[in-house]
Amino acid sequence: MRKTLMIFALCIMSVLSASAADGYSRNIADLPVAARTMLKNNFKSKMSLIKIDKDWGRVSEYEVILNDGTEVKFDNSGNWKEVEVSESGSVPAKVIPAAILKYVKTNHKGLRVIGIEKKRSGYEVELSNGLDMEFDARGNFLRYD
């Protein structure tokens, strides 16, 4: 009886782990349309790799790595969640909400946005000097992090 129960448990664990495995692709068609459009409209660099994160067999997130080292994360619908570029680059201005872009240009002249992350409560922005800032959902500055 114990042996049968143990074999059954191992079978269930292997099925669950196989269905939750992350996948990798180099085919842009594996991304949702919204993600493909965002990449096409904002980045010149070609796509290198797509990591498809799965939770319980369902896609939870896409992480795209471009040839220039830029990383863009998307939710399962293709809406961007996070953009990170190399320290020599900058996040495209079209991606950054206008209020945040204006605040950075006014208060941090000469610095570039090298990372931006959407959160439920707003945005987290990283500048080229390593400074992290938080903004609310409307783009109003909240604090330095």
Side-chain angles (χ1 to χ4, degrees), residues 6-145:
M6 187 66 119
I7 291 172
F8 180 71
L10 286 172
C11 288
I12 288 177
M13 287 174 46
S14 65
V15 167
L16 289 177
S17 66
S19 68
D22 294 339
Y24 295 90
S25 175
R26 293 188 187 273
N27 186 354
I28 197 160
D30 291 337
L31 291 172
V33 174
R36 283 184 266 165
T37 303
M38 188 272 196
L39 290 170
K40 180 181 174 187
N41 292 339
N42 295 291
F43 297 97
K44 293 179 183 177
S45 184
K46 299 233 184 248
M47 186 194 63
S48 177
L49 183 69
I50 302 169
K51 179 182 176 193
I52 304 168
D53 290 331
K54 294 183 180 180
D55 289 330
W56 301 102
R58 300 181 76 192
V59 173
S60 62
E61 179 179 86
Y62 297 92
E63 183 177 342
V64 177
I65 301 171
L66 304 178
N67 287 337
D68 65 1
T70 298
E71 295 181 23
V72 185
K73 291 183 182 178
F74 298 94
D75 65 15
N76 61 350
S77 299
N79 302 308
W80 74 269
K81 294 172 39 174
E82 185 175 352
V83 178
E84 289 184 24
V85 299
S86 66
E87 289 191 26
S88 62
S90 62
V91 174
K94 291 191 280 183
V95 175
I96 305 167
I100 294 174
L101 193 58
K102 181 179 178 184
Y103 182 87
V104 170
K105 284 184 177 182
T106 302
N107 296 290
H108 298 283
K109 290 181 182 178
L111 296 179
R112 294 169 281 104
V113 175
I114 62 168
I116 185 165
E117 181 179 359
K118 274 189 210 176
K119 298 185 172 231
R120 282 187 178 179
S121 59
Y123 298 88
E124 188 173 305
V125 173
E126 181 181 357
L127 299 180
S128 54
N129 67 350
L131 188 64
D132 290 327
M133 300 182 291
E134 291 186 27
F135 295 84
D136 67 14
R138 292 187 180 143
N140 298 310
F141 175 77
L142 296 174
R143 66 184 152 270
Y144 294 103
D145 201 18

Should Leu142 and Phe135 be marked as a side-chain contact (heavy atoms from CB on, under 4.5 Å) after you check the CA-CA gap, both sets of side-chain angles, and the distance that decides it?
CA-CA 5 Å; Leu142 296 174; Phe135 295 84; 5.5 Å; no
For the CD1 atom of Ile52 and the OH atom of Tyr24, what is their distance to the nearest 0.5 Å?
10.0 Å
In the structure I gave you, are the side-chain heavy atoms of Leu39 and Leu31 within less than 4.5 Å of one another anywhere?
yes
Separation of Leu111 CG from Asn129 CG (nearest 0.5 Å):
4.5 Å
From Tyr144 atom OH to Asp132 atom CG, the distance as rounded to the nearest 0.5 Å
11.5 Å
Which of Val83, Leu101, Ile114, Val125 passes side-chain contact (heavy atoms from CB on, under 4.5 Å) with Val91? Answer is Val83
Is the side chain of Asn140 donor-acceptor paired with the backbone N or O of Asp136 at a distance under 3.5 Å, no angle test?
no
Separation between CG (Leu66) and CD (Glu71), nearest 0.5 Å, reads 9.0 Å
Report the distance from atom CZ of Phe43 to atom CG of Asp68, rounding to the nearest 0.5 Å.
8.0 Å
Given side chains that start at C-beta, do those of Tyr123 and Pro97 come closer than 4.5 Å, heavy atoms only?
yes
Taking every heavy atom of Val72 against every heavy atom of Trp80, the minimum-distance pair comes out as CG1-CB, 4.5 Å
Steps toward side-chain contact (heavy atoms from CB on, under 4.5 Å) verdict (Ser90, Val113):
CA-CA 5 Å; Ser90 62; Val113 175; 5.8 Å; no
Taking Ser25 for its side chain and Asp30 for its backbone only, find out whether a donor-acceptor pair lies under 3.5 Å.
no
Please report the C-alpha distance between Val64 and Met38 in whole Å, then the side-chain angles of each, then the deciding distance to 0.1 Å, and finally whether the side-chain contact (heavy atoms from CB on, under 4.5 Å) criterion is met.
CA-CA 12 Å; Val64 177; Met38 188 272 196; over 6 Å; no
Is it true that a side-chain atom of Arg143 and a backbone atom of Met133 form a donor plus acceptor pair closer than 3.5 Å?
no
Asn79 backbone acceptor or donor facing Ser77 side chain under 3.5 Å
no
Which pair of heavy atoms, one from Lys109 and one from Lys105, lies closest together, and at what distance?
CG-O, 3.2 Å
Passing option when Glu61 is tested against Lys51, Lys81, Lys54 for salt bridge (Lys or Arg N to Asp or Glu O under 4.0 Å)
Lys81
Heavy-atom nearest pair, Gly139 first then Ala99, reads O-CB, 3.7 Å
Is there a side-chain contact (heavy atoms from CB on, under 4.5 Å) between Asn76 and Arg58 once you walk through the steps?
CA-CA 9 Å; Asn76 61 350; Arg58 300 181 76 192; 5.8 Å; no
To the nearest 0.5 Å, what is the distance between CE (Met47) and CD1 (Ile65)?
10.5 Å
